[in-house]
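The next block holds one structure in the form of structure tokens; read it before the comments.
Residue numbering restarts at 1 for every chain, and letters A, B, ... go by the order of the sequence lines.
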There are 2 protein chains.
Amino acid sequence: MKGIRQLAEHLDISIGTVSRALNGKPDVNEETRRRVLAAAEEFGYVANQSGRSLRQGETKVIGLMIEASQEAVENADNFFLGVTSGLQHVFARHKLDLLMLPCPADEDPCEYLKRMVARRVVDAMIISNTQRIDRRIDLLSRAKIPFAAVGRSLSAGNYPWVDLDFEGVAERAVERLVARGHRRIAITAPSSEVNLGYVFVESYRRTLERHDIPFDPSLVIRVRSSEQGGYQAAHELLQLEDRPTAVILIYELMAIGLYRRLMEAGIRIGRDLAVIGFRDAPRARFLQPSLSCFRLSLYDLGIALGQMLLAHMPAYRAFYPDGGRNIIWPLELVPGESDVFEV
Amino acid sequence: MKGIRQLAEHLDISIGTVSRALNGKPDVNEETRRRVLAAAEEFGYVANQSGRSLRQGETKVIGLMIEASQEAVENADNFFLGVTSGLQHVFARHKLDLLMLPCPADEDPCEYLKRMVARRVVDAMIISNTQRIDRRIDLLSRAKIPFAAVGRSLSAGNYPWVDLDFEGVAERAVERLVARGHRRIAITAPSSEVNLGYVFVESYRRTLERHDIPFDPSLVIRVRSSEQGGYQAAHELLQLEDRPTAVILIYELMAIGLYRRLMEAGIRIGRDLAVIGFRDAPRARFLQPSLSCFRLSLYDLGIALGQMLLAHMPAYRAFYPDGGRNIIWPLELVPGESDVFEV
DNA sequence: CCTACAGTCGTAAACGTTTACGGGATGTGT
DNA sequence: ACACATCCCGTAAACGTTTACGACTGTAGG
């Protein structure tokens, strides 16, 4: 079966009618519609997507921009896969597909995105890892491409995003530690150009100051959010003269490296140093001693993100009347043994 | 910038020439080509992919079929993400994109695949989780859609695949345990309809019999390859009257559930029961006691898989002259403490 | 009998490319 | 002067759909 034309002449009907029949348009006799659907089923005819896309100007594909480097992917762990899974659950209902767009490490993400948008291969985009000032957001806004982002940014006024409540995490972590008598509390964070890194540390600082604890920049450790980063963070912690009694991690993978380095140094976690992590990935549950950390459901987040995107697309808006509002995603504290002692 | 037509009339050249200039065709003056490229750059013109696809009959998209259920995704962990990353590394060189095709849990995978193929939205497919008899393979072969699979199958004679060396894993695991005096060795595996499940157990059986240890079907525990499956496997182990002294896991996530159940039962891992796992995911490294397991690089596997696929596509064959041969992917044993005792 | 209208359907023009084909220059060798 | 090849470029036909438009029935209402 080549195309709609063959199907039409086999049925001795015009291709226009066949198309209308298949697409559920009203002005077609129910009897002929039945015949058309039966024949399509029989021959396994499905409309060629390129043809439709060209004519309709929409591709039924949602782009998902990701970082392509091996390191990024390995560290991202199943964060993205979890979100992706939720996204697909939403998109599948509308027969939308998800196209992964890995920006090569050596290319400017904005240029890459611009090319992909110009190719008109996606109807909408999901972006993540937003910078504090993110040109991709301006680009997409101007190009009028629907998009949703995981992570806030300062760019371009109003746009759909869902962001993890890092502010709350930092605040609650500090509160929890202060309540146990800690006053020298270190924190890890990515570069402050990444919005997350900025927000996280700012909230930490504010909470400290609310308790009359002066903010000490040397306690802010900027490392990569990876296992190696955790190792390095522990290393830097050990170098400090007035060593902190607690540390807040921004990413749970770091705990693994951090534990290792601290064990090498003979520091007893949960006794000599309190540790609070973030994101309850399965593996973090099996650290010894168990890691106190903040948990969320990536799958649910993906669903919310997908719905939010669709709520901003005219063709799907009706399905999600209240899906458009930005979300600060809450996290639940899972107490462990890594921060139980009092100082 | 709307399309090639506008670009052409701005340059006062025919669209045919513009197209040839952009696509590097030979019969165009170098001077005009320069002008065209400059103008395209200036206006940010990139050819509409639907138009090209329609005309050329190829979409520059590779499909990746995955299971869509939440459970599947969460258990799949970063296995798929790791492979995906390697795939993209290969595909990016040829400006190919990767489309995720999540088959809904309530739909027949083969029907789903057929629809996607008929839509002509992908040039080729990657499939995984192959069954011993897998209709998808026949379908793709007949439809003459290039594809590559992770996992062997009995279907359709010759097709490109890369498969993990489960045979070797089972053999070496048994050898290792037998050398330490074990004679009652349990093994976990998925259903034998999944080819992996069949091969794994067969190799286990052969190796046992080589050492004159009779094969005992009650020691083959068919559970899901998940954390819960591990828990359940431990549970079933404990029920056996003549309790085994060792167990071989097919998937490292299971170790987490298995450890937990065994600890609840007061069994000392590495003392009362030897455990050997598979696939050195980061989290498995942090089990106590550390898990002996078999490791591989998913990223490298993804690269090999991608190259293999391209080697089977006429348009890219030339780039990978020897990429077409099937691969049994080797695994490296990482010794841990979970199987150190002698019996 | 005329008009209006609803229900169907066919016709043909888009959508944005690529590419086979042919033709006008220009050069080159006899 | 002629044949012939080379280089460049324009023309127009595809690729497979969807959809605006108009046309043709039959029916109902006046």
Side-chain angles (χ1 to χ4, degrees), chain A residues 1-37 39-40 43-61 95 115-123 143 315, chain B residues 1-37 39-40 43-61 95 115-123 143 315:
Chain A
M1 178 54 50
K2 298 298 282 296
I4 199 175
R5 201 153 276 137
Q6 281 69 21
L7 190 60
E9 69 188 39
H10 171 262
L11 288 165
D12 205 32
I13 302 183
S14 80
I15 63 172
T17 303
V18 173
S19 174
R20 280 190 298 263
L22 291 172
N23 292 25
K25 291 297 163 67
D27 51 351
V28 43
N29 187 310
E30 280 309 319
E31 165 62 15
T32 50
R33 187 194 300 278
R34 211 191 40 69
R35 283 179 55 217
V36 171
L37 289 175
F43 296 132
Y45 168 78
V46 183
N48 177 305
Q49 185 61 42
S50 301
R52 330 188 86 191
S53 298
L54 183 56
R55 169 65 216 230
Q56 309 200 108
E58 63 172 24
T59 61
K60 297 280 179 190
V61 170
K95 300 208 174 300
R115 265 216 333 274
M116 289 305 154
V117 165
R119 278 211 305 165
R120 300 245 152 239
V121 74
V122 298
D123 292 340
Chain B
M1 178 54 51
K2 298 298 281 295
I4 199 175
R5 201 153 276 138
Q6 281 68 20
L7 190 60
E9 70 188 38
H10 172 261
L11 287 165
D12 205 32
I13 302 182
S14 81
I15 62 172
T17 304
V18 173
S19 174
R20 282 190 297 264
L22 291 172
N23 291 26
K25 292 295 164 64
D27 51 351
V28 43
N29 187 310
E30 279 311 318
E31 165 62 14
T32 51
R33 186 193 302 277
R34 210 191 40 69
R35 281 179 55 219
V36 171
L37 289 175
F43 296 132
Y45 169 78
V46 183
N48 177 307
Q49 185 62 40
S50 301
R52 315 189 99 191
S53 297
L54 183 57
R55 169 66 218 228
Q56 309 201 107
E58 62 172 26
T59 61
K60 297 281 181 190
V61 170
K95 301 208 175 300
R115 265 215 335 273
M116 289 304 154
V117 164
R119 278 212 304 166
R120 300 244 151 243
V121 74
V122 298
D123 292 341

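- B:Asn23 has its CG atom 12 Å from the P atom of C:dA20, to the nearest Å.
- Judged by atom type and distance alone, B:Arg55 does not reach the base of C:dT17 through any side-chain donor-acceptor pair under 3.5 Å.
- Between A:Asn29 and C:dG7 there is no side-chain polar atom (N or O) within less than 4.0 angstrom of OP1 or OP2.
- The interatomic distance linking A:Leu7 (CG) with D:dT18 (C1') rounds to 15 Å, in whole Å.
- Computed from coordinates, the B:Ile13 CD1 to D:dG10 P distance equals 7 Å when rounded to whole Å.
- With B:Thr59 contributing its side chain and B:Ser53 its backbone, the two residues share no donor-acceptor pair below 3.5 Å.
- Regarding contacts with the backbone of C:dT19, a side-chain N or O of B:Gln56 is found under 4.0 angstrom from either OP1 or OP2.
- In this structure, the side chains of B:Asp27 and B:Arg20 come closer than 4.5 Å at one or more pairs of heavy atoms.
- Dashed line: the shortest gap from a side-chain N or O of B:Asn48 to OP1 or OP2 of C:dC15 is not under 4.0 Å.
- At whole-Å resolution of the value, CD1 in B:Ile4 and P in D:dA14 are 19 Å apart.
- At the heavy-atom level, B:Arg5 lies under 4.0 Å from base atoms of the strands shown.
- Remark: B:Ser19 is in phosphate contact with C:dT18, judged by side-chain N or O atoms under 4.0 Å from OP1 or OP2.
- Between the CD atom of B:Gln6 and the P atom of C:dC15 there is a distance of 9 Å, given to the nearest Å.
- Side-chain nitrogen and oxygen atoms of A:Lys25 include none within less than 4.0 Å of the OP1 or OP2 phosphate oxygen of D:dT18.
- Residue A:Thr17 has its side chain nearest to C:dG10 when only C:dG10, C:dT18, D:dT11 are considered.
- For B:Leu22 and C:dG16, the CG to P distance is 16 Å, given to the nearest whole Å.
- Listed for the B:Asn23 side chain is no donor-acceptor partner under 3.5 Å among the backbone atoms of B:Lys25.
- Note on B:Arg120: nothing from the nucleic acid sits closer than 4.0 angstrom, heavy atoms only.
- Rounded to whole angstrom, the span from the CD1 atom of A:Ile15 across to the P atom of D:dC15 amounts to 12 Å.
- The two residues A:Arg35 and A:Ile13 come nearest to each other via the heavy atoms NH1-CD1, 4.0 Å.
- Across C:dG16, D:dT18, D:dT11, the shortest atom-to-atom separation from the side chain of B:Leu54 is found for C:dG16.
- Here C:dT11 is the nucleotide among C:dT17, C:dT11, D:dT11 with the atom lying nearest to any side-chain atom of A:Arg20.
- Side chains of B:Gln6 and B:Phe43 form no contact here, defined as non-hydrogen atoms less than 4.5 Å apart.
- Between the A:Arg52 side chain and the A:Ala47 main chain, no donor and acceptor come within less than 3.5 Å of each other.
- Mapped onto DNA chain D by nearest heavy atom, B:Gly51 and B:Gly16 fall at different nucleotides, with B:Gly16 at the one closer to the 5' end.
- In this structure, CD of A:Glu9 is placed 13 Å from P of C:dG10, rounded to the nearest angstrom.
- If you check every strand for non-hydrogen atoms under 4.0 Å, A:Ser50 touches nothing.
- Residue B:Arg52 has a polar side-chain atom (N or O) positioned under 4.0 Å from OP1 or OP2 of C:dT18.
- Residue contacts for A:Asp27: at a heavy-atom cut-off of 4.0 Å it reaches a base atom on one of the strands shown.
- Donor-acceptor pairing under 3.5 Å, judged by distance alone, is absent between the side chain of A:Arg119 and the base of C:dG16.
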